Amino acid sequence: EQSGNKYAQRITQVFNAGKNAITTYPNNSLANQLKTVARMIRGGCKTKIFLCQVGGFDTHSAQVDSGDTSIGAHNNLLKGLSDAVKTFFDDLEQLGIADRVAACTFSEFGRCAKENGSFGTDHGTLAPMFLFGKGIRPYVHGTNVDLDNLTTDNQLKTMQFDYRQVFATLLQDWLGANPWVLQEALFDGYKQLALVTKSYTVSK
């Protein structure tokens, strides 16, 4: 209980000491969380990893509009993600701390590669990950998937990268973790990727 109280006091302290350069964020849950994260970092919070959550992606039908598959519910979800992340990094830039932050998306489920007959997709084994930040190499890793080479249940056959490779790379190359940390996190042995530019280090 005493540790919890001290933690709460510290959270309040850094929140009150911080500020946002951009006060008007998009009106969605992720944006509200990121706005708080930006303020806490600016206020001196030393936390290395923040976890934000956004729901709504567990859809199996009507992901796209039946009359125009370039719009629809899934498009709206991704736009909400994009708007929130862009505002967050614009805020960090104006606060002068954008080079200290990297962000990564992940999900506990992937998606099938083929539409299921109801303008949606069912759960799958693979999914993309997005990384953001001034210190992240700005390109696509991997190659376009072969949508003609699927399993009988419409799964992609080949995983190009294991998500643990991404986490291991960020832990070591961004946060400066040593091999013992990777071992304790069960990320040792995963081939690291060229995700982080040499011009940015955890010391910033």
Side-chain angles (χ1 to χ4, degrees), residues 7 10-11 14 29-31 33-34 36-38 40-42 44-58 77-78 80-82 84-86 88-89 91-93 95 97-113 121 123-147 149-151 155-204:
Y7 181 74
R10 176 60 179 165
I11 294 297
V14 296
S29 172
L30 178 61
Q33 294 170 71
L34 291 174
T36 299
V37 170
M40 291 177 67
I41 295 172
R42 183 65 177 84
C45 185
K46 301 300 183 184
T47 299
K48 298 292 186 185
I49 299 174
F50 292 88
L51 176 64
C52 299
Q53 294 180 302
V54 57
F57 283 86
D58 193 7
L77 287 167
L78 289 177
L81 169 67
S82 176
V85 170
K86 181 183 186 306
F88 174 63
F89 276 98
D91 194 6
L92 296 176
E93 183 68 30
L95 292 170
I97 55 176
D99 60 347
R100 294 171 47 197
V101 179
C104 173
T105 68
F106 66 94
S107 175
E108 73 272 23
F109 56 85
R111 284 292 170 187
C112 289
T121 53
H123 284 191
T125 55
L126 303 177
M129 297 176 74
F130 299 104
L131 281 81
F132 312 94
K134 293 176 70 175
I136 300 297
R137 293 184 185 276
Y139 55 73
V140 176
H141 292 263
T143 59
N144 287 336
V145 296
D146 184 358
L147 295 176
N149 186 24
L150 304 177
T151 64
Q155 306 290 339
L156 294 167
K157 289 184 177 180
T158 304
M159 177 178 67
Q160 297 186 42
F161 302 107
D162 190 304
Y163 73 95
R164 288 165 289 196
Q165 290 178 266
V166 177
F167 290 165
T169 300
L170 291 174
L171 277 173
Q172 184 171 53
D173 293 351
W174 185 259
L175 294 176
N178 61 36
W180 179 84
V181 172
L182 296 179
Q183 183 178 358
E184 289 297 299
L186 303 180
F187 292 152
D188 58 319
Y190 289 94
K191 182 180 178 183
Q192 293 176 339
L193 306 170
L195 301 177
V196 178
T197 64
K198 293 182 180 180
S199 59
Y200 291 89
T201 63
V202 70
S203 63
K204 290 191 175 185

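Predicted, not measured: the structure shown is a model, and the values here were computed from it.
Summarising the geometry, atom CZ belonging to F50 is positioned 5.0 Å from atom CE belonging to M40; distances are rounded to the nearest 0.5 Å. Atom CZ of R137 is separated from atom CG of L131 by 12.5 Å, given to the nearest 0.5 angstrom. For the atom pair I11 CD1 and T47 OG1, the distance stands at 5.5 Å (nearest 0.5 Å). The distance from the OG1 atom of T158 to the CG atom of N149 is 6.5 Å, given to the nearest 0.5 Å. In this structure, CZ on F187 lies 9.0 Å from CG on D162, to the nearest 0.5 angstrom. The NZ atom of K134 lies 11.0 Å from the CD1 atom of I97; values are rounded to the nearest 0.5 Å.
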### Message
If you apply the rule side chain to side chain contact (heavy atoms under 4.5 Å, CB included), what do you find for V145 with Q160, and how did you get there?
### Response
CA-CA 9 Å; V145 296; Q160 297 186 42; 3.9 Å; yes

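The two atoms that bring A127 and G110 nearest to each other are CB-CA, 3.7 Å, heavy atoms only. Taking all atoms of both residues into account, the shortest heavy-atom contact from C104 to V166 is SG-CG1, 4.2 Å.
Looking at residues two or more places apart in sequence or on another chain, you find a side-chain hydrogen bond (donor to acceptor under 3.5 Å, both in side chains) between T121 and Q63. Listed by chain and residue number, nothing satisfies the ring pair (Phe, Tyr, Trp, His ring centres under 6.0 Å) test with Y7 (two or more places apart in sequence, or in another chain). Applying the side chain to side chain contact (heavy atoms under 4.5 Å, CB included) criterion to L126, with sequence neighbours excluded, gives L156, M159. For F132, the side chain to side chain contact (heavy atoms under 4.5 Å, CB included) partners at least two apart in sequence or on another chain are V85, F89, A103, T105, F130. Among residues two or more places apart in sequence or in another chain, the ring pair (Phe, Tyr, Trp, His ring centres under 6.0 Å) test is passed with Y163 by F167.
With a 4.5 Å cut-off on side-chain heavy atoms, L175 and I49 count as touching. Here the side chains of V37 and I41 are in contact, with some heavy-atom distance below 4.5 Å.
The backbone N or O of Q165 lies less than 3.5 Å from a partner atom in the side chain of T169, making a donor-acceptor pair. Between the side chain of Q155 and the main chain of T125, a donor-acceptor pair closer than 3.5 Å is present.
At a threshold of 4.0 Å, the pair R111-D58 counts as salt-bridged, since one of the basic side-chain nitrogens sits closer than that to a carboxylate oxygen.
More than 12 heavy atoms of other residues, nucleotides or ligands sit less than 6.0 Å from atom CD of E184. Within 6.0 Å of the CZ atom in F109, the count of heavy atoms belonging to other residues, nucleotides or ligands exceeds 12.
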Return all side-chain donor-acceptor pairs below 3.5 angstrom for residues 188-196, not counting sequence neighbours, or 'none' if the list is empty.
unit_1 : atom_1 : unit_2 : atom_2 : d
Y190   : OH     : R164   : NE     : 3.2
Y190   : OH     : R164   : NH1    : 3.0
Q192   : NE2    : A168   : O      : 3.4
Q192   : NE2    : Q172   : OE1    : 2.6

